[in-house]
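All of these numbers come straight from a predicted model, not from anything done at the bench. Here is how names work: the chains are called A, B, and so on, in the same order as the sequence lines, proteins then strands, and each is numbered from 1.
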Amino acid sequence: MKQIKVRFAPSPTGPLHIGGARSALFNYLFARNRQGKMVLRIEDTDLERSSPEYEREIIESLSWLGIDWDEGIDVGGENGPYRQTERLDTYQRYVDRLLRSGHAYHCFCTEEELARERQALLEKGEIVAYSGKCRDLSPEERDRKLRQGLVPTVRFKVVPGEEIVVHDLVRGTVTFDSSEIGDFIIVKSDGIPTYNFAVVVDDHEMGITHVIRAEEHLSNTPRQLLIYRALGFEIPEFAHISLILGKDRQKMSKRHGATSIMQYRESGYLPEAVFNFLALLGWSPEGEQEIMERDEIIGKFSLSRVAKNPAVFDLDKLNWLNAQHIKRKSMKELGELVRPYLESSPYWHRVEQMDQATYEVLIEAVRERIVCLVDVVKEVETFLAPPQYDADTLSKLEKPEVRGMLKGFLEHLPEQLDLEQARTFMKGLPKALQLPAKQVYMPIRLGLTGSPQGPELPYLLVVMGVPEVRQRLGRFI
RNA sequence: GGCCCCAUGGUCAAGUGGUUAAGACACCGCCCUUUCACGGCGGUAACUGGGGUUCGAAUCCCCAUGGGGUCACCA
């Protein structure tokens, strides 16, 4: 059987966002599941908007997610270069071929007049397509315009009245009428090919067998099919996956808040959680299992289980998945992951002073409570920030019986204790003080942090340290 | 507006002619617990509508409706 080869071909005109990442992911999963190859190609033919910074960010985002590729930018390969602006001579060869075979022609219409015509058609509610004005220019006319210094575009000639059939792995058979497609531009006046042309040439040259991309490209496909045919290329399989929508059910875009992959990284989402979440958006595994690691997903992935309907991005579920993946981390791993966030905390100097054992107690205390890694910053404040007491809390703490209890607590409190000892100590405390549990624990908590909620008391004692416990409670005695 | 795609709870989503129509997130309740959270148990909640086809439709067909995409010298 022929080896499968897919590609992800972003244009570096912005950061990698959720939708793009999902396209990349599905390509990756498909390739890895079928022992195929993955290509990363940069489609930078939009000179105005492309930038090397975005290209770098996209690559970094993919790498962070754990998506890698066998051929392409950064890793090279036998079909390079993998940046479209570096492949202009290749496109030129095929343009010449189309020009010679009569499949394409030079067009001298200006952008202004085209925009006017398009607007008029749109208003009349007619099919918006190029008029074909320059289609039958005589060689003499063409040469004259060229001599006048007019810079032409190259258009692909579309024969109307023809049925164009797209066979799509997720959508089935989709039929288009060529009459709805006007002659379209394949080379811009700056000599750079357009997407519809370059994508066909590259996919062919690079031996792509499966084109997996977002549904917004479906209506481009008939144009590309025409080019495949004119050039005599073998047609790959297509799979158009449905879009990811925002809460407002519109295509995901910058308007929807955090949308770039890097933003998720910065907020402390784990790459394996984002990977897991994205895989579940538009695809579902056969079993019931939802929390999965990369290799499990690769093993289960198949295009036949990709849904046709668009999916709304659900942050709640991502959050839940992230918390689940955090719980799967070992203390040691989590301690490392969380450190950069703690470094930005105003209490970092305190954390820095902790010995390894105390640090791990801190991590353990916080582990079940955080959804994103950044949440540690807030959590750590419970332990280290100077407590704030509101009036209500103060009135509770200043009762005489509470004062007596706290006094007893401090008298019994050892000077030094680890987590196990703290647990035992706290457990036995009500008995030692001869008080019911509810009269003991909550006042201590309030006195220590000013808040009725937070990690279990033994954690508080260990992380805070006995001296600070004494100091915080001292004012209530 | 033309063309194209899509349509199961608030969201993700299983389901491919016969099911009490799964499961997950979110929400609500109970339990666990020295608090909150975690966790456990339970609950509310869906086949867009109308026609067909069929002994029988969430599943097949048609129409309507709704949502989305696309109509660039952007990809």
Considering every strand shown, what is the Watson-Crick or G-U wobble mate of [N] when both distances are under 3.5 Å?
| N | value |
| --- | --- |
| B:rG1 | B:rC71 |
| B:rA14 | none |
| B:rA57 | none |
| B:rU19 | none |
| B:rG9 | none |
| B:rG42 | B:rC28 |

Given B:rC25, B:rA22, B:rC6, identify the nucleotide with an atom nearest to the side chain of A:E288.
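When the side chain of A:E288 is considered, B:rA22 is the closest of B:rC25, B:rA22, B:rC6.
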
If I take atom [atom1] in residue [X] and atom [atom2] in nucleotide [N], what distance separates them, rounded to the nearest angstrom?
| X | N | atom1 | atom2 | answer |
| --- | --- | --- | --- | --- |
| A:L281 | B:rA14 | CG | C1' | 16 Å |
| A:E163 | B:rC3 | CD | P | 15 Å |
| A:E290 | B:rA26 | CD | C1' | 13 Å |
| A:N309 | B:rC47 | CG | P | 16 Å |
| A:M252 | B:rC12 | CE | C1' | 13 Å |
| A:N319 | B:rC12 | CG | C1' | 14 Å |
| A:L315 | B:rA24 | CG | P | 20 Å |

Atom [atom1], compared across [N] and [M]: separation rounded to whole Å:
| N | M | atom1 | value |
| --- | --- | --- | --- |
| B:rA58 | B:rG51 | P | 14 Å |
| B:rC38 | B:rA22 | C1' | 26 Å |
| B:rU44 | B:rA57 | C1' | 27 Å |
| B:rC12 | B:rA46 | C1' | 13 Å |
| B:rU8 | B:rG66 | C1' | 15 Å |
| B:rG10 | B:rG67 | C1' | 16 Å |
| B:rA13 | B:rA64 | P | 27 Å |
| B:rU16 | B:rC71 | P | 37 Å |

Please determine whether a side-chain nitrogen or oxygen atom of A:S242 lies at a distance below 4.0 Å from atom OP1 or OP2 of B:rC6.
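So the side chain of A:S242 is outside the cut-off, no N or O lying under 4.0 Å from OP1 or OP2 of B:rC6.
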
Under 3.5 Å: donor-acceptor pair, side chain of A:T194, backbone of A:I185
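Judged by distance alone, yes, a pair lies under 3.5 Å.
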
Please confirm whether the backbone N or O of A:Q453 pairs with a side-chain atom of A:S451, one donor and one acceptor, at under 3.5 Å?
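Yes; at least one donor-acceptor contact below 3.5 Å.
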
So what does [X] touch, heavy atoms closer than 4.0 Å: a base, only the sugar-phosphate, or nothing?
| X | answer |
| --- | --- |
| A:G182 | nothing |
| A:F184 | nothing |
| A:T175 | sugar-phosphate |

Counting C-beta onward and ignoring hydrogens, is there a side-chain heavy-atom pair between A:E163 and A:S178 closer than 4.5 Å?
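Side-chain contact under 4.5 Å: no.
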
Compare all side-chain heavy atoms of A:P152 with those of A:K145 and state whether any distance is below 4.5 angstrom.
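Answer no - side chains too far apart.
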
Generate the contact string for nucleotides 68-75 of chain B. Rules: B means base contact, S means sugar-phosphate contact only, - means no protein heavy atom under 4.0 Å.
BSSSSBBB

Could you run through nucleotides 29-46 of chain B and give me one letter per nucleotide, 5' to 3': B if any protein heavy atom sits under 4.0 Å from the base, S if only the sugar-phosphate is that close, - if neither?
-----BBBSSS-------

A:Y195 and A:E43 side chains, donor-acceptor separation under 3.5 Å:
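Result is no, nothing qualifies.
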
Cation-pi geometry met for A:R22 and A:F26 (6.0 Å, 45°):
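The answer is yes, since A:R22 meets both limits relative to A:F26.
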
Quick check with a 6.0 Å cut-off and a 45 degree axis cone: is A:R155 positioned over the face of A:Y130's six-membered ring?
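The answer is yes, since A:R155 meets both limits relative to A:Y130.
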
Heavy-atom count around A:Q434 CD within 6.0 Å, excluding the residue itself: above 12?
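12 or below, so no.
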
Both A:D316 and A:F176 contact RNA chain B. Which one's nearest nucleotide lies toward the 5' end?
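Mapping each residue to its closest nucleotide by heavy atoms, the 5'-most match is A:F176.
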
5' priority, RNA chain B, between A:L318 and A:L218 [closest heavy atom]
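Whichever sits nearer the 5' end wins; that is A:L218.
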
Inspect the contact between [Y] and [X] and indicate whether a charged nitrogen and a carboxylate oxygen are less than 4.0 angstrom apart.
| X | Y | value |
| --- | --- | --- |
| A:R403 | A:E401 | no |
| A:K251 | A:E216 | yes |
| A:R49 | A:D46 | yes |
| A:R328 | A:E272 | no |

